[in-house]
Participant: 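A single structure is presented below for examination.
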Amino acid sequence: TMAAAQTGGMVNLLGGYDELRLADGRNILSAYNIDSLAGGTGLDSVTVGGQVGDQLYVSGVETLTGTSANEIVILATPATVSVSGIATMAGSESADWVTLTAPETGIMLDLAGGDDRLVLADGGNSLSAFNVESILGGAGADQVTANDLGCGCDDGLVVANIETLLNALDDIGTVAFSGAATTTVSGFDILVGSSAPERITLGFGTGVLAANIDTIVGDPDDPSDLALATPGTVTVSGITFLLGSPGTDLVTVSGASTMVVAEIDTLVGSTAADFVELDYEQTITTAGIDTILGYYEQSRVTLSDGGRVA
């Protein structure tokens with residue numbers, strides 16, 4: 001136990017189960033081979049290191065810096081903490097707010113229970129983040145493998161400024177975008193946009209349900225099914241099956257397309273060759289579609305541009 005705040009000191013407790021308690025006030029020090037670290041009431045910044053695979057339980061420390069590729073940190077109490085150089089971090093059972101102060105590659109964070117937030121550093125990150133409710137990317141290309149289980153919030157996983165997002169689990173995952181986005185999404189089934197423009201490219205997965213997404217690009221190497229959850233205007237390309245919402249949908253096709261459509265009110269083709277098959281009896285208004293194959297029962301097609309169609 002430190003009786004007074006320390007600046008620039010170093011503690012190495014070697015073997016055994018060791019606990020270090022910092023004094024109130026601002027502490028800046030290095031601590032090695034400890035198993036439990038408790039900060040005081042001030043702003044504490046600690047550099048840690050020790051044996052490979054050792055677990056360090058931390059509470060009350062505001063800035064934590066690892067010194068090897070094997071640091072395993074467990075937050076013993078709810079925390080707002082800035083970290084770097086930590087290979088694995090486990091959160092508390094309540095809300096944790098973790099900020100990365102340097103770009104990270106290959107690290108894993110599981111923030112466990114509570115409504116948790118993760119803020120990435122500028123410069124590009126590639127990491128795994130589990131049971132996190134909100135992830136904010138930095139300036140640079142960020143790739144995150146995540147899930148949306150967290151606290152079980154209705155919004156699922158809320159993200160911003162993430163360029164590549166992958167679902168770590170084979171489950172129904174929901175992603176909500178909190179602002180403008182240009183993101184490649186793989187393995188998530190439900191996508192929810194914001195009031196800002198989003199361009200979402202679909203990676204692997206069987207299909208998605210989308211709400212308020214402006215532009216959706218299908219996977220060229222995998223059939224991409226898209227269902228619209230809310231009425232509105234959307235631009236699509238590379239989609240093989242398109243199902244409209246219960247409301248009025250205006251869909252514009254970007255690039256040559258071959259797809260099956262159902263319950264779409266208005267479909268505007270691209271400047272390239274577009275082939276559309278109607279999935280069942282329906283009424284649709286089209287423009288710029290080169291070939292339309294109707295359902296075997298009656299379908300009503302209105303050509304809004306006065307053009308020719310096969």
Side-chain angles (χ1 to χ4, degrees), residues 1-123 125 127-138 144 146 150-151:
T1 299
M2 297 290 188
Q6 303 291 316
T7 300
M10 188 273 284
V11 177
N12 190 340
L13 298 185
L14 300 176
Y17 186 88
D18 303 302
E19 299 183 17
L20 176 62
R21 295 182 177 274
L22 306 184
D24 291 341
R26 179 169 176 76
N27 295 275
I28 302 174
L29 55 87
S30 298
Y32 299 96
N33 298 303
I34 61 173
D35 301 279
S36 177
L37 173 63
T41 58
L43 298 177
D44 299 317
S45 177
V46 181
T47 298
V48 297
Q51 299 295 322
V52 173
D54 282 354
Q55 295 180 345
L56 172 60
Y57 290 83
V58 176
S59 62
V61 175
E62 286 70 34
T63 302
L64 200 62
T65 303
T67 57
S68 76
N70 302 287
E71 306 293 352
I72 301 174
V73 171
I74 300 172
L75 299 179
T77 57
T80 297
V81 59
S82 298
V83 302
S84 65
I86 303 298
T88 303
M89 172 171 281
S92 72
E93 290 302 319
S94 297
D96 301 307
W97 191 329
V98 177
T99 299
L100 302 183
T101 57
E104 300 286 358
T105 298
I107 71 169
M108 191 276 285
L109 303 98
D110 186 340
L111 297 188
D115 190 355
D116 305 303
R117 180 170 182 176
L118 173 62
V119 180
L120 307 186
D122 293 341
N125 300 267
L127 53 86
S128 299
F130 305 133
N131 299 309
V132 179
E133 283 66 45
S134 176
I135 304 176
L136 174 62
V144 178
C151 66

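When a residue number appears, it is its place in the shown sequence, counting from 1.
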Participant: Rounded at 0.5 Å granularity, tell me how far OG in Ser84 sits from CG in Leu100.
Facilitator: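 Rounded to the nearest 0.5 Å, the OG-CG separation comes out at 8.5 Å.
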Participant: When you measure from the side chain of Asn33 to the backbone of Leu13, do you find a donor-acceptor pair of N or O atoms at a distance under 3.5 Å?
Facilitator: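 Side chain of Asn33 to backbone of Leu13: no pair is present.
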Participant: Less than 4.5 Å apart, any side-chain heavy atom of Thr7 and any of Arg26?
Facilitator: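 Heavy-atom side-chain distance check fails, nothing below 4.5 Å.
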Participant: Just wondering, do Met2 and Leu20 contact through their side chains at under 4.5 Å, heavy atoms?
Facilitator: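 Yes, close enough: below the 4.5 Å cut-off.
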Participant: What distance do Asp18 atom CG and Ile34 atom CD1 have between them, rounded to the nearest 0.5 Å?
Facilitator: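 Output value for this atom pair is 8.0 Å.
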Participant: Is there a side-chain contact between Leu22 and Leu29 in this structure, where contact means two heavy atoms from C-beta onward sitting under 4.5 Å apart?
Facilitator: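 SC-SC contact between Leu22 and Leu29 confirmed.
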Participant: Counting only N and O atoms by type, is there a donor-acceptor contact under 3.5 Å from the side chain of Asn131 to the main-chain atoms of Asp110?
Facilitator: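 Checking the backbone N and O of Asp110 against the side chain of Asn131, no donor-acceptor pair under 3.5 Å is found.
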Participant: Under the 3.5 angstrom rule, does the side chain of Asp116 hit a backbone N or O of Asp96 as a donor-acceptor pair?
Facilitator: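 Checking the backbone N and O of Asp96 against the side chain of Asp116, a donor-acceptor pair under 3.5 Å is found.
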Participant: Looking at every heavy atom in both Gln55 and Ile74, which two are closest together, and how far apart are they?
Facilitator: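 So the minimum-distance heavy-atom pair works out to OE1-CD1, 3.7 Å.
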Participant: Pick from Val73, Leu75, Val46: which one makes a side-chain contact (heavy atoms from CB on, under 4.5 Å) with Val61?
Facilitator: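 Single side-chain contact (heavy atoms from CB on, under 4.5 Å) partner of Val61 among Val73, Leu75, Val46: Val46.
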Participant: How long is the span from the CG atom in Leu120 to the CD1 atom in Ile135, to the nearest 0.5 Å?
Facilitator: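 The CD1 atom of Ile135 is 7.0 Å from CG of Leu120, to the nearest 0.5 Å.
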Participant: Are any of the side-chain heavy atoms of Pro103 and Asn125 separated by less than 4.5 Å?
Facilitator: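 Counting from C-beta outward, Pro103 and Asn125 do come under 4.5 Å.
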Participant: Give a yes or no on whether the backbone of Val83 and the side-chain of Thr101 come within a donor-acceptor separation of less than 3.5 Å.
Facilitator: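 Yes, the answer is positive, given that a donor and an acceptor are paired below the 3.5 Å cut-off.
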Participant: Asp44 versus Leu37: any side-chain heavy-atom pair under 4.5 Å?
Facilitator: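 Counting from C-beta outward, Asp44 and Leu37 never come under 4.5 Å.
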Participant: When rounded to the nearest 0.5 angstrom, what is the spacing between CG in Leu56 and OH in Tyr32?
Facilitator: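 That separation rounds to 12.5 Å.
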Participant: When rounded to the nearest 0.5 angstrom, what is the spacing between CG in Leu111 and OG in Ser134?
Facilitator: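 So the gap between those two atoms works out to 11.0 Å.
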Participant: Quick check: do Phe130 and Met108 have side-chain heavy atoms less than 4.5 Å from each other?
Facilitator: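 Yes - at least one pair of side-chain heavy atoms lies under 4.5 Å apart.
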